[in-house]
2 protein chains.
Amino acid sequence: MSVKVTIYEVALAARVSLATVSRVLNNPEKVKPDTRERVLKVIKELGYRPNAIARGLASRKTTTVGVLVSHITRASVAEMLGGISDIAMKYSYSIKLFSAHEDVNIIELINDIVAEQVDGVLILNDELDASRMKKVKELFDENEIPFVLANVVNDDRSVPSVSIDYEKAGYEITKLMIEMGKKDIYMLSTVRKYSVNDKKELGYTKAMQEANLMPRVFRTSGTTSVNRQHFANFFADKIIDGAIGVRDSIAVSFMNIANESGRSVPEMVSVAGFQNTKYALLSRPTLTSIDIPVYDIGAVAMRLLTKLMNKEQLDSLQVVLPHYIVRRESL
Amino acid sequence: MSVKVTIYEVALAARVSLATVSRVLNNPEKVKPDTRERVLKVIKELGYRPNAIARGLASRKTTTVGVLVSHITRASVAEMLGGISDIAMKYSYSIKLFSAHEDVNIIELINDIVAEQVDGVLILNDELDASRMKKVKELFDENEIPFVLANVVNDDRSVPSVSIDYEKAGYEITKLMIEMGKKDIYMLSTVRKYSVNDKKELGYTKAMQEANLMPRVFRTSGTTSVNRQHFANFFADKIIDGAIGVRDSIAVSFMNIANESGRSVPEMVSVAGFQNTKYALLSRPTLTSIDIPVYDIGAVAMRLLTKLMNKEQLDSLQVVLPHYIVRRESL
DNA sequence: CTGAAAGCGCTTACAG
DNA sequence: CTGAAAGCGCTTACAG
């Protein structure tokens with residue numbers, strides 16, 4: 001039935017020209033109601049769906065956005081894609097997914113994305129230093145493709161982005177511990193440098209310094225099984241009464257080891273994490289965590305991108321979504 | 001520099017016809033080495049990248065696959081997309097992402113996907129009953145678009161699919177508990193029916209019946225916070241010495257409550273989960289779990305799809321990946 | 001309000 | 001081995 005029906009066959013059956021069929025679909029108000037109805041009827045009967053590729057070539061708009069993801073296997077990526085796809089669907093955009101590995105040349109990849117003729121691009125989770133950021137911006141600008149950073153740390157005010165204030169979040173959770181009387185608070189971060197984690201550390205450090213306390217960052221590999229040894233060895237001879245993990249999983253991992261080595265949480269050590277994932281709910285004690293609205297970051301970024309693609313006027317290119325601390329047993 | 005360079009400009013600069021430039025890209029062996037080098041040089045200099053849309057229209061192949069995901073926000077989706085995208089990249093396919101919500105008409109969605117001119121489709125995690133499965137198959141067959149089910153329960157041997165044997169997995173873990181002398185083993189499943197979970201239950205039931213034990217399935221809503229009450233109330237007056245959660249999170253959730261209400265794990269109750277996620281590692285006690293190779297399911301499904309798109313001969317359309325039990329403290 | 005025609009940027013038989 | 005030409009299935013000024 002609906003095998004490869006083209007606009008030509010619709011036109012024939014409705015006794016109009018191709019142009020009219022196209023108008024019915026794209027500018028219905030320009031077509032006389034009678035004709036419009038007749039054409040729509042035929043479209044339905046034949047199960048006609050315009051070939052998106054042909055349409056893309058002719059109109060030079062593909063109604064497709066590229067989503068460039070680094071660390072695609074992360075759980076939060078799925079959450080963010082959920083937000084992106086819900087909004088994309090609402091505005092009838094398709095999503096093309098591009099995964100950036102550590103070793104791929106991001107500039108090459110972006111050239112590929114450009115060649116795919118997307119109308120806009122979302123960049124998730126990436127680590128773009130200033131010089132690469134500049135190059136990325138040039139590439140997109142040259143090709144007049146709007147793009148939005150989602151959950152990426154970025155200090156260039158001319159680049160549209162949606163994120164949360166990680167530095168402030170780091171500051172607040174540290175401050176909270178300090179106000180509870182904690183003095184030997186560690187930040188548990190990752191060996192590999194993530195700009196998001198840098199911001200958290202920055203906030204932590206600021207709060208510690210303001211209180212005349214010594215900021216101390218401990219870096220783990222991030223692998224749970226490895227953390228175990230790291231934590232146990234490192235903290236064996238240390239004084240510690242507070243710990244903030246840059247991820248919930250790191251916080252929980254630390255908490256388990258603390259409890260096992262007789263430093264009970266929260267009595268002796270307060271612990272907090274970032275992201276407010278299910279880990280925080282399933283751990284014992286349950287974990288205090290900073291809630292990051294990942295789904296919303298995706299949704300808002302996609303929404304912002306639609307505005308840019310429509311060349312709408314915007315008051316601000318930078319959206320900072322609110323975060324909040326979810327208090328639980330660990331603190 | 002590389003702004004909108006077309007094949008025409010390359011041809012001009014290299015003093016050849018469009019056809020030759022096209023051949024250099026698509027059938028280089030048909031072009032004389034000298035000419036080929038000359039053209040390649042120009043392509044590089046101008047930073048030419050063929051417009052994927054135009055190419056798609058002319059060749060009627062888009063080198064794009066559609067990925068239809070239900071429950072896109074699930075963590076395992078990201079993992080599976082990782083496997084898919086790694087293999088897709090290897091074979092130079094792009095990925096178009098389509099998210100299926102509970103309420104969307106899957107048939108409509110597939111018609112959309114078809115209109116997008118993808119060369120093949122991957123269906124992830126979906127619940128397709130026999131009649132919808134039949135319709136989906138018809139649609140794709142009509143349009144000659146190969147498709148592969150990934151992590152979807154499917155009994156139609158003519159439909160390509162990659163998954164694991166969930167029934168066997170359910171059987172094995174239950175059997176293991178029985179062999180350890182457990183008699184009152186519950187399966188903790190979800191209220192909403194997932195065919196994957198049905199299979200797990202089937203295996204569980206089979207093992208219980210073989211041992212002349214009474215199979216008992218307890219259904220929770222799946223929300224962690226709600227589980228808490230459910231579990232506590234339900235098991236208050238029940239005898240139980242084993243529990244198998246259809247997901248790690250459910251198992252951990254149960255385990256926490258069991259421990260808190262004085263039924264210590266593993267001494268009094270053995271617990272196991274499915275998926276072998278980080279939850280299993282971070283819980284206390286650590287959780288025995290069935291490892292499901294989610295990344296591999298994605299990768300293998302994508303690889304299978306490339307074969308189908310190339311019309312390669314296959315010995316089997318059904319791939320069943322191995323699973324295994326990861327023993328930890330909870331059992 | 002509608003149609004004829006050009007064109008989007010490629011690929012692919014067909015000749016030579 | 002290479003080029004001229006048709007065509008992929010649409011959209012969009014341009015006339016009327």
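Quick note on labels: first sequence line is chain A, next is B, and so on, each numbered from 1.
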By side-chain contact (heavy atoms from CB on, under 4.5 Å), B:A19 pairs with (sequence neighbours left out) B:S17, B:R23
For residues 122-156 of chain B, the ring pair (Phe, Tyr, Trp, His ring centres under 6.0 Å) pairs (sequence neighbours left out) are B:F140-B:F147
Contacts satisfying ring pair (Phe, Tyr, Trp, His ring centres under 6.0 Å) that involve residues 71-129 of chain B (not counting sequence neighbours) are B:H71-B:Y194
Using the side chain to side chain donor-acceptor pair (under 3.5 Å) criterion, which residues pair with [X]? Sequence neighbours excluded.
| X | value |
| --- | --- |
| A:T35 | none |
| B:R15 | none |
| B:S94 | A:E116 |
| A:R36 | none |

Quick note, salt bridge (charged side-chain N to carboxylate O under 4.0 Å, His left out) partners involving residues 49-69 of chain A, not counting sequence neighbours, are A:R49-B:E108, A:R49-B:D112
So the salt bridge (charged side-chain N to carboxylate O under 4.0 Å, His left out) pairs with at least one residue in residues 148-159 of chain B (sequence neighbours excluded) are B:D155-B:K199
5' to 3', nucleotides 8-16 of chain D under a 4.0 Å protein heavy-atom cut-off (B base, S sugar-phosphate only, - none) gives BBBBBB---
ask   = Does D:dG3 have OP1 or OP2 sitting under 4.0 Å from an N or O in the side chain of B:T20?
value = yes
If one requires at least 3 consecutive Watson-Crick or G-U pairs with distances under 3.5 Å, the stems of DNA chain D turn out to be C:1-3 with D:14-16, C:5-12 with D:5-12, C:14-16 with D:1-3
_Pairwise side-chain contact, A:M133 with A:L149, heavy-atom cut-off 4.5 Å (strictly under)_ = yes
Contact check, residues 28-38 of chain A vs DNA chain D, heavy-atom distance under 4.0 Å, returns none
